[in-house]
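Worth knowing before you read on, the calculation uses all heavy atoms, side chains too, and leaves out hydrogens, waters and symmetry mates. Quick note on labels: first sequence line is chain A, next is B, and so on, each numbered from 1.
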There are 2 protein chains.
Amino acid sequence: MLTKKELIEYCRNARENYLPHFSIDCVVFGFHEGIMKVLLLQVKNEGEWYLPGGFMLKKEPIEKAANRILKERTGLDKIFLQQFHVFGDPERSKAHFEMYKDMLPASQNWFTNRFLTIGYYALVDFIYANPTRDVLSVSCTWRDLHDLPELKLDHALILKTALDTLRLQLNYQPIGYNLMPKEFTMPELQKLYETILDKKLDRRNFQRRMLGFGILNRSEQPRKGGAHKAPYLYSFNQENYQAALKEGFKGGW
Amino acid sequence: MLTKKELIEYCRNARENYLPHFSIDCVVFGFHEGIMKVLLLQVKNEGEWYLPGGFMLKKEPIEKAANRILKERTGLDKIFLQQFHVFGDPERSKAHFEMYKDMLPASQNWFTNRFLTIGYYALVDFIYANPTRDVLSVSCTWRDLHDLPELKLDHALILKTALDTLRLQLNYQPIGYNLMPKEFTMPELQKLYETILDKKLDRRNFQRRMLGFGILNRSEQPRKGGAHKAPYLYSFNQENYQAALKEGFKGGW
DNA sequence: TACAATTGTGTCCATAATACACTATGATTT
DNA sequence: AAATCATAGTGTATTATGGACACAATTGTA
C-alpha cells in the first residue's frame, strides 16, 4: 500500500503519462523441465496476489505496452505474447483500490477510475527471467500453477481464461520456439506439451503427430553424454514454424 | 460530416457520458438463404464506409454497450455477439477525423482522442434487421461480402480479422441458433456453413458430421408442400448446444 | 408416365488416432 | 564381461474419422 505522498505522486505521474481507463494484465506462464509456473506479485501489506500488469503510455501501441510491462517484470525481451480478451466489468477494480479511495478526491485519484484490462498471455522459460516487483507489491515470484494463492480483482478469471485459450491454441498453432533451447529432444518437447495440458501423452503418437506438422528439423548428430541411449536433437524449422503460426495446423471444415 | 454546432454538441455529450478513448466496432454478418452480407454505414459527404460502432457509457459493461450499439443499428436484440480483438494502433483514428480537427480545440474535441476499439462480431438474419444510420452517416445498409466498398480507418483489417475468427470458430463451436428458423432442414443448415466458409461442402459428409455433434433434434414430421422430396426438420437441442458452446467440439490433444 | 430436382442413406477407401511391443544404446551393477 | 536399468527409436494392429461417391425415395411437372 502506498503512503499518501506516494499516492499523490503516483497519480500525478499516471495522469500525465498513461491513457486513462486502460490497463494491461499479463498471464506469464513460465516453463522449465516439466514445471509450469505463473508470475505473480504480492500486494504490499496484504496477503493477496495479482497478475503483472500496468498501463499504456498515451501514444504507445498496446502490444508495445505489454512488452514493456513484461520487460519490467522479467527482464525479458521478445517473448511470445498473445492478446486474448478484454475484461471490462464496471465493478471489476472497485474493491481492489478501496484503500486509496479516501486519500485523494476521486477526480485526482487514478485508482478510482474504471479500468478495462486487456489480457495478454506470455510463454517464457522461467530460468531466464529475473522477477522484479513493482511499486505496489512486496514481491514478484513464480508460483506453481497447481498451488495458486488467492488472487485479487478478477485475476483468477483472467488466469483461467488465459489457460483455456492457450490449451485451445495448442490445437492449431505451433508453440515452443521461445520455450525450448535451440536444440532439444522429442521427449523434452513432449514434456512441454504435457505440462501445458497437465496430462500424459503417448510418446510414439506424440512424435508421429509432431513430425507430421513439418515444423521440426532433425539434426544429424544425436546428443551424446547422457546416461542412456543418445536421443536425436531437433530444432524448429523457422520457415515452416512461422507459416504455421499464421496459417494454423488443421483444416477443419 | 457534422456542422460546427453539431460537433460541439456531440463532443459535449460524448465527454459527459462516454468512457474516453474506447470505442466498440461491430462486424455484423447478415445471413439469409445463402447470402452473406455485412452491415456498413456510409460517411456523410464522402464516399467511404465504416463499420457500425460507438462508445461505452461510463458505467456500462462492454458486452452491454455492444448490444446497445447493435440494437440502435439493427433494431435487434439478443443476437450472437463475440468479442474477438482489440485494435489499438495509436494512429488508427487519426486520418479519419482530420476534418474536425480545426473546429474545436483538441482538449474539447472528442474525435481527436486516441481510440482503442474493441472488435465484436455478430451473426444475424438480415431479413429481421432494420438498418438505421447514425448521426455521422447518410446511410446504413447491408453490403455483399464479395463486393465491399473501401473502408475507413482500420475497418478493413477489423472485418478480415472477424471473418477469420468466425471461420476458425466453426471448427470448435456450434453456430446457427440465431440464424436459422426454429425448425430447419439439413440442407438449409449446410447452406449457412457454405456461405460462411465460401465453399461447397459434401451433403452426406456434412450431415454425418453435424449429427455427430449431437446438438440437433430431428422432428418426427418432415416438411410437406415442397416441390420435392419432403426433408426432415431439425431444431437445436438447447441443452447440448449450450454445452457445446462452452466446451467446444473436439478434443484435439 | 417419364423426368427433373431434391433428399435420405449408405459404402468404400485413405488417412489419422489409439493402444501397445519390441529393439537399441549407454551407463551402472555384479 | 554379462546382466541390468533407464531411456530412446521404431513398427504394427485396430479403431475412428473424413472424403469421395452411388443409389434409392419422394414430389411436382412436362
Side-chain angles (χ1 to χ4, degrees), chain A residues 33-34 167-168 170-174 180-181 183-195 197 199-235 244 247-253, chain B residues 33-34 167-168 170-172 174 180-181 183-195 197-235 244 247-253:
Chain A
E33 288 178 0
R167 285 177 178 164
L168 193 62
L170 281 196
N171 291 320
Y172 54 89
Q173 295 227 315
M180 305 300 295
E183 295 200 300
F184 48 89
T185 67
M186 195 58 82
E188 284 165 1
L189 184 59
Q190 181 179 339
K191 196 131 210 166
L192 174 63
Y193 275 75
E194 291 182 334
T195 307
L197 296 165
K199 70 174 169 192
K200 283 266 162 219
L201 301 172
D202 184 280
R203 262 180 341 119
R204 298 147 276 197
N205 298 334
F206 177 83
Q207 165 142 339
R208 187 168 11 157
R209 187 158 163 189
M210 211 64 216
L211 291 176
F213 292 153
I215 56 169
L216 296 179
N217 292 328
R218 184 158 99 174
S219 148
E220 295 300 314
Q221 304 299 328
R223 169 181 298 173
K224 304 272 185 181
H228 310 289
K229 176 171 181 178
Y232 284 105
L233 288 170
Y234 293 89
S235 58
E247 300 299 320
F249 278 144
K250 31 175 112 193
W253 288 97
Chain B
E33 289 177 359
R167 285 177 177 164
L168 193 62
L170 280 195
N171 291 321
Y172 54 89
M180 304 300 294
E183 295 201 303
F184 49 88
T185 67
M186 195 59 81
E188 284 166 1
L189 184 59
Q190 181 180 339
K191 196 131 211 167
L192 173 64
Y193 274 75
E194 291 181 336
T195 308
L197 296 165
D198 196 25
K199 69 173 167 193
K200 282 270 162 213
L201 301 173
D202 183 279
R203 257 177 348 113
R204 299 145 279 196
N205 299 333
F206 177 83
Q207 164 142 341
R208 190 177 10 168
R209 188 158 162 187
M210 211 64 215
L211 291 177
F213 291 154
I215 57 168
L216 295 179
N217 292 328
R218 184 158 99 174
S219 147
E220 294 299 313
Q221 304 299 330
R223 170 180 294 174
K224 303 273 184 180
H228 310 289
K229 175 171 182 175
Y232 284 105
L233 288 171
Y234 293 88
S235 58
E247 300 301 319
F249 280 144
K250 32 175 117 192
W253 288 97

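Residues A:E188 and A:L192 have side chains not in contact (no heavy-atom distance under 4.5 Å, counting atoms from C-beta outward).
Between the CD atom in A:E183 and the CZ atom in A:R218 there is a gap of 13.0 Å [rounded to 0.5 Å]. With values rounded to the nearest 0.5 angstrom, A:M186 atom CE is found 4.0 Å from A:Y234 atom OH. Rounded to the nearest 0.5 angstrom, B:R208 CZ and B:R203 CZ are separated by 12.5 Å.
Atom CG of A:D202 is separated from atom P of D:dG9 by 14 Å (rounded to the nearest Å). Taking atom NZ on B:K200 and atom C1' on D:dA20, their separation rounds to 16 Å, with Å as the unit. Here D:dT17 presents its P atom at 14 Å from CZ of A:R209, a figure rounded to the nearest Å. The nearest whole Å value for the distance from the CZ atom in A:F249 to the P atom in C:dA17 is 12 Å. Put simply, CG on A:L189 is 13 Å from P on D:dA8, counting in whole angstrom units. Nucleotide D:dG18 holds its C1' atom 13 Å from the CG atom of B:N171, rounded to whole Å. Between the NZ atom of B:K199 and the C1' atom of D:dG19 there is a distance of 12 Å, given to the nearest Å.
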Tabulate atom names and distances for all N/O pairs under 3.5 angstrom spanning the protein and nucleotides 6-9 of chain C.
unit_1	atom_1	unit_2	atom_2	d
C:dG8	OP1	B:Y232	N	2.8
C:dG8	O4'	B:K229	NZ	3.2
C:dG8	N7	B:R203	NH1	3.0
C:dG8	O6	B:R203	NH2	2.9
C:dT9	OP2	B:R218	NH1	3.3

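Counting distance only, with no hydrogens placed and no angle test, the side-chain atoms of B:N205 and the base atoms of D:dA20 include a donor-acceptor pair under 3.5 Å. The base of C:dG10 has none of its N or O atoms less than 3.5 Å from a complementary donor or acceptor on the side chain of B:R208.
Using cut-offs of 30° and 60° for the angle between ring planes, the A:F213 and A:F249 rings count as parallel.
A donor-acceptor contact shorter than 3.5 Å links the side chain of B:Q190 to the backbone of B:L201.
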